[in-house]
Protein chains: 2
Amino acid sequence: MAISFAEENYLKIIYRLSESTSDDISTNAIAELTQNKAASVTDMLRKMSEKGWVNYQKYQGVRLSEAGEKIALDIVRKHRLWEVFLVNKMGFNWDEVHEIAEQLEHIESEVLIDKLDAFLDYPRTDPHGDPIPNKKGELPQLGYIPLANMPMGKAGKLVGVAQDSAVFLQLLTKLNLKLGANLEITEINAFDLSVSLRIDGNPPVLISHEVAKNVLIKR
Amino acid sequence: MAISFAEENYLKIIYRLSESTSDDISTNAIAELTQNKAASVTDMLRKMSEKGWVNYQKYQGVRLSEAGEKIALDIVRKHRLWEVFLVNKMGFNWDEVHEIAEQLEHIESEVLIDKLDAFLDYPRTDPHGDPIPNKKGELPQLGYIPLANMPMGKAGKLVGVAQDSAVFLQLLTKLNLKLGANLEITEINAFDLSVSLRIDGNPPVLISHEVAKNVLIKR
DNA sequence: AATAATTTTTAGTCTAGTCTAAAAATTTTA
DNA sequence: TAAAATTTTTAGACTAGACTAAAAATTATT
């Protein structure tokens, strides 16, 4: 079944929202990320539900179906591989590549993506540390994930960092974030994706999304 | 002024048609290449004329304006650079890359194209021997062009070939196409782009587009 | 030059994807 | 738990870009 750019975007965004919660995804949340109005989202959800890509009940939010998740993972795979290309081969900084990858992820050619994957030496994560699904849609078992990708309420152990700039490591020290620390996310703020974090059972402290992305944890 | 995929495609196709004639381009010719109906083309030409990208007079055909040609050359530049990438870096054959490049040519990022250009070592031609415009929209002076790119009625001298497979060179010999031969195109068949060619003043013989693309001439 | 054939344009329709305004359902608050 | 606030949906409208059918203009043919 043919799929449009718009549909691909909706699926990708529902996937992204699903990554950080196990609840159903709300119309408003999708509207914000797609930059559309809620009414437009409702309409699209109805259509995608008919195509079998999402499970959608009026007023109850939405969830990807298995078929929808497969498509979403394929788009995520393309997005992240292109990001690796842009950073490793084209010399972009990791903070410059998102918009371009948003365009490249819609290029349709399985062969191209396989060749790109090989050309990049089969990377397991993108420049931001996010895992790259394989062509079957399976996420690599990394043994760790960025703290930023851990769902709310879950706990894990700090096992590494994705960056080793001096300023970053100094900040970790100041926050009392050491290797082996037990971490639990108590809140994720939608506005800036900053995270309230309980460290070794102490009262939660606030850390930025930027920091959370570079802290690697094992569940 | 924002430009859509559809508009970019029309401009590119009008440019391509202009390359092999100095006449105004007909609605039907555009319809065939865009795979649209003539009525749709008329409509689009009217709109693009209002935006100043083409000079269009009802029933009289169309021609790119200076602004339109600038845009078209930019798309052609992107298309051809991506083709080089696909062949030289991704290992595609030169006959497999067109459809993918048709998609990639619409990616919007000047910086990316500049970096790609550098990454590819500033190629002057694409894998088919077609010249790659620079970022100002200027075509490189190659000193030669593929015979397939020579306008009808013009003459030139055979100065080289773009391929040296045995079968190709044997065919040239059979056709009496030698270095230094004086060539004049007497007809281009729209159906298969095959070319009627007068060699050293002899009666014209027919050669395929495939051959014409690999024969290099100096005007 | 008149007629026939072809090309191009006009007029009206359709779909995808968006929007606004208002109605309906759900959630929060007092 | 009733009222208020918020979220979501419905209904109807709009635009870009396509289409078909018929009319108009151009080109080719007797």
Side-chain angles (χ1 to χ4, degrees), chain A residues 1-14 17-18 21 23-63 68 71 75 102-103 105-106 108 187 189-191, chain B residues 1-14 17-18 21 23-63 68 71 75 102-103 105-106 108 187 189-191:
Chain A
M1 183 165 313
I3 182 165
S4 68
F5 275 33
E7 289 166 333
E8 288 195 349
N9 271 325
Y10 276 96
L11 289 176
K12 179 189 64 180
I13 278 167
I14 297 169
L17 288 165
S18 307
T21 179
D23 291 352
D24 288 15
I25 308 304
S26 76
T27 301
N28 258 2
I30 298 168
E32 194 166 338
L33 289 194
T34 56
Q35 309 255 55
N36 291 322
K37 299 296 170 182
S40 314
V41 174
T42 298
D43 208 53
M44 191 54 122
L45 292 182
R46 196 183 41 68
K47 288 184 204 164
M48 295 201 306
S49 177
E50 273 167 30
K51 298 194 180 186
W53 296 334
V54 297
N55 298 117
Y56 167 61
Q57 300 279 79
K58 274 192 206 175
Y59 294 100
Q60 300 312 130
V62 74
R63 204 177 268 274
I71 299 171
I75 301 163
E102 294 265 291
Q103 299 180 61
E105 74 194 6
H106 299 294
E108 223 173 275
E187 205 178 353
N189 300 296
F191 173 65
Chain B
M1 182 163 315
I3 183 165
S4 67
F5 274 33
E7 289 166 333
E8 288 194 350
N9 271 325
Y10 275 97
L11 288 176
K12 180 190 63 180
I13 277 166
I14 297 169
L17 288 165
S18 306
T21 178
D23 291 352
D24 288 17
I25 308 304
S26 76
T27 301
N28 258 1
I30 298 168
E32 194 166 340
L33 290 195
T34 56
Q35 310 255 54
N36 291 322
K37 300 295 171 180
S40 313
V41 174
T42 298
D43 208 53
M44 191 53 122
L45 293 181
R46 197 183 40 69
K47 289 183 203 165
M48 295 202 305
S49 177
E50 272 168 31
K51 298 193 182 189
W53 296 335
V54 297
N55 298 117
Y56 167 61
Q57 300 278 77
K58 274 190 206 175
Y59 295 100
Q60 300 312 130
V62 73
R63 203 176 269 273
I71 299 171
I75 301 163
E102 293 266 293
Q103 299 181 60
E105 75 194 6
H106 299 293
E108 220 173 276
E187 205 177 355
N189 301 295
F191 174 65

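Please read these numbers as outputs of a predicted model, since none were measured by experiment. Below, chain A is the first sequence line, B the second, and so on; all start at residue 1.
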How far apart are the C-alpha atoms of A/Glu102 and A/Lys12, what are their side-chain angles, what is the distance that settles it, and do they pass the salt bridge (Lys or Arg N to Asp or Glu O under 4.0 Å) test? CA-CA 10 Å; A/Glu102 294 265 291; A/Lys12 179 189 64 180; 2.8 Å; yes
Can you say whether the rings of B/Phe5 and B/His106 are parallel (under 30°), tilted (30 to 60°) or perpendicular (over 60°)? parallel
Shortest non-hydrogen contact between A/Asp23 and A/Thr21, atoms and distance: N-OG1, 3.0 Å
Verify the contact: side-chain N or O of B/Tyr10 to OP1 or OP2 of D/dA18, cut-off strictly under 4.0 Å; return yes or no. yes
Write down the distance between [atom1] ([X]) and [atom2] ([N]), rounded to a whole number of angstrom.
| X | N | atom1 | atom2 | answer |
| --- | --- | --- | --- | --- |
| B/Asn36 | C/dT7 | CG | C1' | 17 Å |
| B/Glu7 | D/dT15 | CD | P | 16 Å |
| A/Glu50 | C/dA16 | CD | P | 11 Å |
| A/Ile30 | C/dT18 | CD1 | P | 13 Å |
| A/Met44 | C/dC19 | CE | P | 11 Å |

Test side-chain contact (heavy atoms from CB on, under 4.5 Å) on A/Ile14 and A/Met48 and set out the steps. CA-CA 12 Å; A/Ile14 297 169; A/Met48 295 201 306; 4.0 Å; yes
Is the CD atom of B/Glu7 crowded by more than 12 outside heavy atoms at less than 6.0 Å? yes
Report all interatomic pairs (protein N or O, nucleotide N or O of nucleotides 8-11 of chain D) with separations under 3.5 Å.
unit_1 : atom_1 : unit_2  : atom_2 : d
D/dT8  : OP2    : A/Asn28 : N      : 2.9
D/dT8  : OP2    : A/Asn28 : OD1    : 3.4
D/dT8  : OP2    : A/Asn28 : ND2    : 3.4
D/dT9  : OP1    : A/Tyr56 : OH     : 2.3
D/dT9  : OP1    : A/Tyr59 : N      : 2.8
D/dT9  : OP2    : A/Thr27 : OG1    : 2.9
D/dT9  : OP2    : A/Thr42 : OG1    : 2.8
D/dT9  : OP2    : A/Tyr56 : OH     : 3.2
D/dT9  : O4'    : A/Tyr59 : OH     : 3.4
D/dT10 : OP1    : A/Lys58 : NZ     : 2.4

Does the pair B/Ile3 and B/Trp53 meet the rule for a side-chain contact (heavy atoms from CB on, under 4.5 Å), with working shown? CA-CA 11 Å; B/Ile3 183 165; B/Trp53 296 335; 3.8 Å; yes
Assess the residue pair A/Tyr56 and A/Thr42 against the criterion (side-chain contact (heavy atoms from CB on, under 4.5 Å)); give the C-alpha distance rounded to whole Å, side-chain angles, the decisive distance to 0.1 Å, and a yes or no. CA-CA 10 Å; A/Tyr56 167 61; A/Thr42 298; 3.6 Å; yes
Bend angle of the helix from C/dA1-D/dT30 to C/dA30-D/dT1 from five-pair axes at both ends, rounded to 10°? 0°
Just verifying a value: how many Å separate A/Tyr10 OH and A/Asn36 CG, rounded to the nearest 0.5 Å? 4.0 Å
